[in-house]
A.B. asks: 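Dropping the structure in here first, questions after.
Keep in mind it's a predicted model, so treat the numbers as computed, not measured.
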Amino acid sequence: MKYIYTRKWLLVILPLFYCILSFIFLDGLNQFYICNSDPTYVYLFNCTNIASGHFRSGNIVHPGTPVEIFAGLAIFIKHLFTHSTVLYQDVLMNPESYLYTCSVLFSLLLSYAIYFSGSYVYRYTGSLGQSILFQIAPLVYPEFVWRTVSLGAESALGICGIFFAAYLYVSTQLPNKEPRNRDIVILGLLTALWFTTKIYTLAVGVLVLFLLKNNKQRLLYIIFAGLFSFVFLFPLYNQFKNWLGFIKAEAFHNGPYGQGDAEKFNAALYWNNITTIFKGQYILSTIYMIAILVFSQNVLHNLKYKKSFKEYINPITGIVIFLVLFMGIISKQYIVNCLNPLTNKIITLTKYYYFIPVIVFFPLVIMILYKNNMSVIKQKFISHHKLKLVLGILGIFLAISIPYTVKACYDADKNNVAFQKTRSFIEKQNGLPLIFISDGGQQVYIQPALFIGSYYSGKWDMQQYLDYLKKLYPDTYIYSIGWKDALTFWNNDVTITDILNKYGQAMVYISGADSLEEQVTLKRICKVDKGNNPVSYQKIYTSDNLYEDIYLVQYDKYHYIRP
């Protein structure tokens, strides 16, 4: 049994498992645009900006520039093997192929990062239990794997975060090991990579500062993190002022994405969101509770023996501040209420994947808490059987978590649209133009995904993309509820009269809407100015699961006045 415990080849099992899961997800995925258009298509267009040599991004929200730089390079290399047309045109004609290529790369990188992290910890500790612990972070959150391999901010947070946690543990927490200058440079690089991917991950910098040994190391770390951040942000140099304005709004406004009131602190909003998080996420709640208890025990111990203030500057304090700060930052982003401006209906989105930065640091937090507690536990049984207890707990955790992770990758490809049946019905309608009602839900065609991606690509490249999309899809019109209250032909506003005068009839495709929303939206689209012929609509298709509806729109034949 002891021989099995110490075999390093066991560290290959989980990376291989994650790799297989990644390809199960990609194989079962029908198309990225059906239910993953945001953020995959938003990132695809900004990556195309960089791959085309423009080196600029229109997305300032995350901002996600490291992902855009890496995927932009992948897109550039892939295009070298096609040369069929200009790069951006090839991407717009074959977006799914480019997204699939990026996902394959992320799948391989995730598996390698997990193996390397386990191997790295094993090299310096010789402990198989600790090494496996640093490989199980993706099992804390069932959707971790497929979110990491889909093009988006979580790709960098997941892949780099796995190594970040292991490297931070080895460089700062092992006995008789002092962080070297090279370690501090790498920690600054990893922090900058995270920060420029999603700004709220800056909270991890507080933890790093507490784990470093002296003020000189902390100062060097801050300098290198700042320098690398400046380098990673180069695609945003042309709108740096806008990005800083967005960060200011994020910091001082109560609502998500810089929205809400900036003058009065909304304590109720934070409290409701925080209680929702703790009620629904048991693993995180347990970690927070244990960290607070261990921290309290440290404080009481220091007070009892009247130790100096420096004794409080320890890893446990850093963990508590990191967790509290992260919770404070993320609590207003975790739950987002989206208002439909037509029906005033509120749709609530819960974004648990925002906790991926905490999830990847789960092993580091566990090890620090474990080491701190073990120093006060005198029980002989625990002291003599630490390895078996750790492996036993890991085994129980794996047995519980693996089925949920497998299920999440199998279920990620399932969608509400009746893909083949709906497309078949539309294709039989003699080439009638299609009007898509786009509200971010699942769609059976790619056009809404291309629409949202192009509008996040920035004012410099957006018009070029939209002009080419007009040529690719000359019979497509989009009414985006959340974007602007207008019917558009890509980058031009049109009316239903313009469309019917050209084609005579048109189809309106709606997915995921209730009957009230459908009727309000249709009346909005079919509204005509005085003097124009009235327009009528009639439902001609409903999918078997009642998720999709298609309407035929035409002039009202009973009131039609021939021009």
Side-chain angles (χ1 to χ4, degrees), residues 29 31-34 36-106 150-153 155-156 196-197 232-239 242-243 434 436 438 440 443 445-478 480 483 488-492:
L29 187 71
Q31 303 288 343
F32 284 99
Y33 62 76
I34 294 180
N36 289 302
S37 58
D38 183 12
T40 53
Y41 273 78
V42 173
Y43 272 87
L44 177 66
F45 274 75
N46 285 288
C47 295
T48 303
N49 293 351
I50 293 173
S52 299
H54 301 162
F55 302 113
R56 58 198 175 205
S57 174
N59 178 28
I60 64 171
V61 176
H62 296 145
T65 50
V67 179
E68 292 169 354
I69 295 167
F70 175 81
L73 179 62
I75 289 171
F76 176 80
I77 294 173
K78 176 176 168 56
H79 180 257
L80 290 176
F81 294 94
T82 59
H83 287 297
S84 55
T85 183
V86 180
L87 187 147
Y88 83 88
Q89 294 179 356
D90 194 45
V91 173
L92 296 187
M93 286 190 293
N94 306 287
E96 291 288 312
S97 174
Y98 281 93
L99 286 173
Y100 186 81
T101 298
C102 291
S103 288
V104 169
L105 286 174
F106 289 138
S150 297
L151 179 59
S155 302
T196 54
T197 298
F232 284 135
L233 285 172
F234 80 83
L236 286 181
Y237 288 169
N238 58 341
Q239 52 175 337
N242 295 336
W243 182 66
L434 263 174
F436 290 96
S438 178
Q443 305 275 349
Y445 277 91
I446 197 172
Q447 290 94 315
L450 294 169
F451 178 83
I452 188 175
S454 62
Y455 271 89
Y456 273 97
S457 61
K459 61 183 180 180
W460 307 273
D461 302 280
M462 179 178 68
Q463 294 304 322
Q464 177 179 243
Y465 297 148
L466 290 171
D467 286 339
Y468 190 67
L469 288 170
K470 281 182 178 177
K471 298 177 183 178
L472 291 179
Y473 304 100
D475 301 324
T476 292
Y477 300 86
I478 296 175
S480 180
W483 186 259
T488 62
F489 175 52
W490 295 106
N491 55 347
N492 295 115

A.B. asks: I'd like to know if the side chain of Thr48 reaches the main chain of Tyr88, judged simply by a donor and an acceptor atom lying under 3.5 Å from each other, with no hydrogens or angles considered.
C.D. replies: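 The answer is no, because no donor-acceptor pair under 3.5 Å joins these two groups.
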
A.B. asks: Would you compute the distance between atom CZ of Phe55 and atom CD of Glu68 and round it to the nearest 0.5 angstrom?
C.D. replies: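 Those atoms lie 13.0 Å apart.
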
A.B. asks: Do Asn59 and Phe45 have side-chain heavy atoms sitting under 4.5 Å apart?
C.D. replies: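 No, side chains not in contact.
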
A.B. asks: Out of curiosity, Thr476 OG1 to Leu469 CG, how far, rounded to the nearest 0.5 Å?
C.D. replies: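 Answer for the OG1-CG pair, Thr476 versus Leu469, is 9.5 Å.
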
A.B. asks: State, to 0.1 Å, how close Ala51 and Leu87 come at their nearest heavy-atom pair, and which atoms those are.
C.D. replies: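 In this case the closest contact between Ala51 and Leu87 is O-CD1, 3.8 Å.
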
A.B. asks: Rounded to the nearest 0.5 Å, how far apart are OG1 of Thr488 and CG of Leu466?
C.D. replies: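 Those atoms lie 8.5 Å apart.
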
A.B. asks: Hey, which of Asn49, Asn46, Asp461 is the one that makes side chain to side chain donor-acceptor pair (under 3.5 Å) with His54?
C.D. replies: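 In the set Asn49, Asn46, Asp461, the residue that makes a side chain to side chain donor-acceptor pair (under 3.5 Å) with His54 is Asp461.
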
A.B. asks: Compare every heavy atom of Trp460 with every heavy atom of Ser57, then report the nearest pair and how far apart it is.
C.D. replies: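 Result for this residue pair: O-CZ3, 4.3 Å.
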
A.B. asks: Got a second to check how far Ile75's CD1 is from Leu99's CG, nearest 0.5 Å?
C.D. replies: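 So the gap between those two atoms works out to 7.5 Å.
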
A.B. asks: Is there side-chain contact between Asn491 and Lys470, with at least one heavy-atom pair below 4.5 Å?
C.D. replies: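 Yes - at least one pair of side-chain heavy atoms lies under 4.5 Å apart.
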
A.B. asks: Indicate whether the side chain of His62 and that of Tyr43 have a donor and an acceptor atom separated by less than 3.5 Å.
C.D. replies: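 A pair is found: one side chain offers a donor N or O, the other an acceptor, under 3.5 Å apart.
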
A.B. asks: When rounded to the nearest 0.5 angstrom, what is the spacing between CZ in Phe70 and CD1 in Ile50?
C.D. replies: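 Reported value, rounded in 0.5 Å steps: 12.5 Å.
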
A.B. asks: With distance as the sole test, does Glu96 use its side chain to make a donor-acceptor pair with the main-chain N or O of Tyr33 at under 3.5 Å?
C.D. replies: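 Yes: the side chain of Glu96 pairs with the backbone of Tyr33.
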
A.B. asks: Taking Ser103 for the side chain and Tyr100 for the main chain, is one N or O donor matched with an acceptor at less than 3.5 Å?
C.D. replies: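 Answer holds: no.
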
A.B. asks: Using a 6.0 Å cut-off, check whether atom OH of Tyr468 has over 12 heavy atoms from anything other than its own residue.
C.D. replies: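 Enclosed.
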
A.B. asks: Mind checking the CG-CG spacing from Leu92 to Leu44? Nearest 0.5 Å is all I need.
C.D. replies: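 It is 8.0 Å, given to the nearest 0.5 Å.
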
A.B. asks: Over 60° means perpendicular and under 30° means parallel, so classify the ring planes of Phe451 and Trp490, tilted if in between.
C.D. replies: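 Plane angle between 30° and 60°, so tilted.
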
A.B. asks: Any idea which heavy atoms bring Cys47 and Val67 closest together, and the distance?
C.D. replies: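 So the two residues come closest at SG-O, 4.2 Å.
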
A.B. asks: Looking only at heavy atoms, what is the nearest atom pair of Ile478 and Gln447, with distance?
C.D. replies: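 Reported closest heavy-atom pair: CD1-O, 3.9 Å.
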
A.B. asks: Is there a side-chain contact between Phe106 and Leu151, using heavy atoms and a 4.5 Å cut-off?
C.D. replies: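 Counting from C-beta outward, Phe106 and Leu151 do come under 4.5 Å.
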
A.B. asks: Looking only at heavy atoms, which two atoms of Met462 and Ser457 are closest? And how far apart?
C.D. replies: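 That closest heavy-atom pairing would be CA-OG, 3.5 Å.
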
A.B. asks: Which atoms form the tightest heavy-atom contact between Gly152 and Pro39, and what is the distance?
C.D. replies: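 In terms of heavy atoms, the two residues are closest at CA-CG, 4.2 Å.
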
